[in-house]
Amino acid sequence: MLFENLKVNRVAVHEVFRRNDDRSIQTPTYADNLEALSAEAMGAFRLRMTDALSGQTQSLQMRIVKFGPGSFLETAEELVGSDDAAFLAGSSEIATKLAESQMARRIPGGMVIVFDGTVGAASVPFVGVIKAEIQQGFRRSIAGTKAIIEFLNNIFLTPATRLYKIGVMAFDDMTKPKPDGRRAFIFDSNISASNREAAATYFYEGFLGCALPSDGPYETMRFFDLTKEFIRGSDLHPEKKRDMVDSLYVFVRDEQDPTFTADQFGSRFLPAELKDPYANFMSTKKFTPNAVVRDTSQMGNRLRRRRLKFGGDIELSASPEALKTKVHMEAIPADGVAGDSDGWTRVVIRERLTGEQ
């Protein structure tokens, strides 16, 4: 969902705080009135939201998993079409929910901005919430002919440093049973397309009641990366590790079954002593035990070439097939050369040199 034609109706700003030393909740500071933003401020606010939520790497559409009484979705839905007094009261309730969700003391406080409006050509109603951490900075102003530098310790929502998180509930059709007809989106500056787990769990799960999306391209890529990480961190002989990685390439790229599980790979390709450690590793990383749709469309060239590094300056690149059939590598002693206690690697390539780059 591209957040085009974003129109903001009402804005309420509250403040939540880091938990006390005894982990009790410090009561939020609640707004007494809705904000009356100038046209310039509202334009900057809308632009900041549009840029963040339309991004392809740090914004995600989520699955709504909590939608009963007391959930964020329930509270947000009550704000749609409400009067200003009810909106202000409901936004205060949202700030309380966020304070309750920030269980760890390491989670900083910040401003809680609750806003509503419509988005898209169809003017779909939405309710959004921003957790914006407070920053420090300087402001330059002119008094007469003299420049004055002011130090400010309460800046937030600056474009340069995105210390904020955004959650939006869009209500396409509120006549349908929940959560159908509703969509959830988040923005978190910590996440990327290849590392969605970096999003703050307390915000999207504990507070918004959402879960990360589960889809074939992402799960296939994540399975590949996690399994390679496990193999490289194992105690297998280097040659055996290469064989395992070869099998991983074949399993992901060449198998014809439309779905797969991590257990299938472990059972077929890993030695007996690594099957249980591998299962535990994938469970710890929260990789799904269910079947995943095999889809390599987001993996680009990663399955076409393999790159092996020798020290910090030498790299060998080849297709998985060529590496398996035309390249032979083995570890050999350092032949008594001082400083080479880690040994050498003999590489035999069954092809003549045909070019240089």
Side-chain angles (χ1 to χ4, degrees), residues 10-35 52 58 60 62-79 85-116 127-138 151-158 160-169 184-191 195-212 280 283-286:
R10 297 170 291 189
V11 178
V13 181
H14 315 282
E15 185 172 4
V16 296
F17 305 95
R18 191 189 302 271
R19 290 215 171 198
N20 297 317
D21 291 341
D22 62 356
R23 295 175 59 83
S24 61
I25 297 175
Q26 187 175 165
T27 303
T29 298
Y30 301 109
D32 295 325
N33 298 286
L34 298 179
E35 297 295 320
Q58 294 173 315
L60 293 171
M62 309 293 286
R63 291 184 294 121
I64 302 172
V65 295
K66 295 178 183 177
F67 45 86
S71 65
F72 176 85
L73 177 64
E74 182 84 5
T75 302
E77 194 157 312
E78 293 173 354
L79 300 186
F87 182 86
L88 184 61
S91 68
S92 299
E93 184 179 338
I94 286 175
T96 300
K97 290 180 187 295
L98 179 56
E100 293 172 345
S101 300
Q102 297 186 161
M103 301 291 290
R105 286 206 70 249
R106 60 178 173 77
I107 300 174
M111 310 308 294
V112 182
I113 305 164
V114 182
F115 58 106
D116 72 343
V127 172
V129 59
I130 304 169
K131 159 70 181 301
E133 297 178 25
I134 296 174
Q135 304 167 250
Q136 297 177 334
F138 293 89
F151 175 72
L152 305 175
N153 61 3
N154 55 356
I155 304 172
F156 61 96
L157 278 187
T158 65
T161 304
R162 291 180 166 181
L163 295 177
Y164 54 91
K165 300 167 177 48
I166 307 173
V168 170
M169 290 286 181
F185 303 86
I186 68 163
F187 166 88
D188 190 334
S189 59
N190 291 321
I191 63 178
N195 186 20
R196 301 196 292 199
E197 281 66 30
T201 305
Y202 82 86
F203 185 78
Y204 73 77
E205 186 175 301
F207 172 53
L208 296 176
C210 295
L212 287 169
N280 293 335
S283 177
T284 300
K285 296 293 186 178
K286 296 183 178 181

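This structure is a prediction, so every number in the text was calculated from the model and none was measured.
- Here the closest non-hydrogen pair linking Y30 and S92 is CE2-O, 3.4 Å.
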Do L79 and D116 pass the side-chain contact (heavy atoms from CB on, under 4.5 Å) test, and can you show the C-alpha distance, the side-chain angles, and the key distance before you say yes or no?
CA-CA 8 Å; L79 300 186; D116 72 343; 5.8 Å; no
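- Here the OH-CZ distance, from Y164 to F203, works out to 12.0 Å after rounding to the nearest 0.5 Å.
- Between Q102 and Y202 the shortest heavy-atom distance is CG-CE1, 3.6 Å.
- Contact record, E93 with T75: OE2-OG1, 3.4 Å, taken as the closest heavy-atom pair.
- Panel note: side chain R105, backbone R19; a donor-acceptor pair is recorded below 3.5 Å.
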Audit row: V129, F207, side-chain contact (heavy atoms from CB on, under 4.5 Å) steps and yes/no
CA-CA 11 Å; V129 59; F207 172 53; 3.7 Å; yes
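- Taking the side chain as every heavy atom from C-beta outward, M169 and I64 approach each other to under 4.5 Å.
- One N or O on the side chain of K97 and one on the backbone of G70 form a donor-acceptor pair closer than 3.5 Å.
- For N20 (side chain) and D22 (main-chain N/O), no donor-acceptor pair under 3.5 Å exists by modelled atom type.
- Here the closest heavy-atom approach between residue A95 and residue P28 is recorded as O-CG, 4.4 Å.
- Using a 4.5 Å heavy-atom cutoff, the side chains of R18 and I107 are not in contact.
- Two residues are said to be in side-chain contact when any heavy atoms from C-beta on lie closer than 4.5 Å; M111 and I134 meet this criterion.
- Of all non-hydrogen atoms in A31 and V13, the two that sit nearest each other are CB-O, 3.1 Å.
- Looking at heavy atoms from C-beta onward, F17 lies in side-chain contact with T29 at the 4.5 angstrom threshold.
- If you take CZ on F115 and CZ on F87, they are separated by 9.0 Å, rounding to the nearest 0.5 Å.
- Using a 4.5 Å cut-off on side-chain heavy atoms (C-beta onward), E77 and S71 make no contact.
- When side chains are defined from C-beta on, I186 does not count as touching K165, because their heavy atoms never get closer than 4.5 Å.
- Here the straight-line distance linking atom CD1 of I94 with atom NE2 of H14 works out to 8.0 Å at 0.5 Å rounding.
- Among V114, L208, V112, the single residue meeting the side-chain contact (heavy atoms from CB on, under 4.5 Å) criterion with L98 is V112.
- The side-chain heavy atoms of P108 and E133, taken from C-beta on, include a pair separated by under 4.5 Å.
- In this structure, CD in E15 is found 12.5 Å from OG1 in T27, a value given to the nearest 0.5 Å.
- Of all the heavy atoms in A184 and C210, the pair that sits closest is CB-SG, 3.6 Å.
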